[in-house]
Amino acid sequence: MSAITWEDPFCGEGANCFRLGTDSDGNAYITIAGDENTYISDSREALRALIADIKAGKADHLL
């Protein structure tokens with residue numbers, strides 16, 4: 001497994017901070033800031049599609 005390079009945290013109101021990361025094998029990761037040893041992972045393409053769908057409002061019903 002390649003080392004994960006984490007981006008700076010994205011924080012909402014309060015303490016809701018998430019981090020995105022990638023590795024040299026083409027994988028993408030999402031974690032809660034401060035808990036980088038526990039994460040979900042998929043391909044960079046899958047993460048790109050997830051972010052695009054969220055921006056398009058496809059997850060608004062979850063709010």
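Scope of the values below: all heavy atoms of this structure, side chains included, with no hydrogens, waters or symmetry mates. All values derive from a computational prediction rather than experimental measurement.
- Checked by atom type and distance alone, the side chain of Asp23 pairs as donor or acceptor with a backbone atom of Gly26 at under 3.5 Å.
- Take Glu36 and apply the salt bridge (charged side-chain N to carboxylate O under 4.0 Å, His left out) test, not counting sequence neighbours, and it matches Arg19.
- The distance from the CG atom of Asp60 to the CG atom of Asp53 is 11.5 Å, given to the nearest 0.5 Å.
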Starting from the C-alpha separation in whole Å, work towards a yes-or-no answer on side-chain contact (heavy atoms from CB on, under 4.5 Å) for Ile30 and Tyr39.
CA-CA 6 Å; Ile30 302 174; Tyr39 50 80; over 6 Å; no
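- Shown here for Phe18 and Ile32, the closest heavy-atom pair between the two residues is CE2-CG1, 4.1 Å.
- Contact of the Tyr29 side chain with the Thr31 side chain is not registered, since no non-hydrogen atoms from C-beta on lie closer than 4.5 Å.
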Walk me through whether Ile51 and Ile54 qualify under side-chain contact (heavy atoms from CB on, under 4.5 Å).
CA-CA 5 Å; Ile51 292 170; Ile54 289 171; 5.6 Å; no
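- Residues meeting the side chain to side chain contact (heavy atoms under 4.5 Å, CB included) test with Ala46, sequence neighbours left out: Asp42, Ser43.
- Donor-acceptor pairing under 3.5 Å is lacking for the side chains of Thr22 and Thr5.
- At a cut-off of 3.5 Å, with distance as the only test, no side-chain donor of Ser41 or Asn27 sits close to an acceptor on the other residue.
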